[in-house]
Amino acid sequence: MGLPDRASFQPDAKLAAQIEAQSNPTDPNQHNEGQPIRQNLDSAGHQRSKFNTDCTKEHRNSLQCIEDNYERRETCQPFFDAYKKCRKEEHDRKMEENARMSGKTAGDGCIIS
């Protein structure tokens, strides 16, 4: 049995999740033992890239501003700030979700001293 051709290939989110789960067993000797594996699926049920964010509008606006005002970057500072704020909020949401999925409360993460 060979690989399917591009025309007949259909991505399977459940199969992708099974493969990911098998590649990340809960071995106590691993650094990520017990960490939840987040299903990062889009509205069609396909695995999203980890590089896709919820801040695409802010990102696009900041890049457009740089293109329009390449000699005066300071005029784009409000767009940069909006993008930075969006990414921080997204990061905080993901951290809370990870804490909730692992049974911990927010702030009970790894503490480096």
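What you see below is based on every heavy atom in this structure, not just the backbone, and it leaves out hydrogens, waters and symmetry mates.
For Arg73, the CZ atom counts as loosely surrounded, since its 6.0 Å shell holds 12 or fewer non-hydrogen atoms of other residues, nucleotides or ligands.
Atom NE2 of His91 sits about 13.5 Å away from atom SG of Cys86, to the nearest 0.5 Å. Here the OH atom belonging to Tyr83 is positioned 14.0 Å from the NZ atom belonging to Lys57, to the nearest 0.5 angstrom. In this structure, CD in Gln64 is found 9.5 Å from SG in Cys76, a value given to the nearest 0.5 Å. Arg93 contributes atom CZ, which lies 11.5 Å from atom CZ of Arg100 (distance to the nearest 0.5 angstrom). How far NZ of Lys88 is from SG of Cys55: 12.5 Å, rounded to the nearest 0.5 Å. Here Glu67 contributes atom CD and Ser62 contributes atom OG; the two are 10.0 Å apart, rounded to the nearest 0.5 Å.
Using a 4.0 Å cut-off between charged side-chain N and carboxylate O, Lys85 and Asp81 make no salt bridge. One finds a salt bridge joining Glu90 and Arg87 here, because a Lys/Arg side-chain nitrogen approaches an Asp/Glu carboxylate oxygen to under 4.0 Å.
By the 4.5 Å heavy-atom criterion applied to side chains, Glu89 and Asp54 are not counted as neighbours. No side-chain heavy atom of Phe80 sits less than 4.5 Å from a side-chain heavy atom of Asn61.
Among Asp68, Thr75, Asn69, the one residue that satisfies the side chain to side chain donor-acceptor pair (under 3.5 Å) test with Arg72 is Asn69.
Distance alone, capped at 3.5 Å, places no donor-acceptor pair between the Glu58 side chain and the Ala82 backbone.
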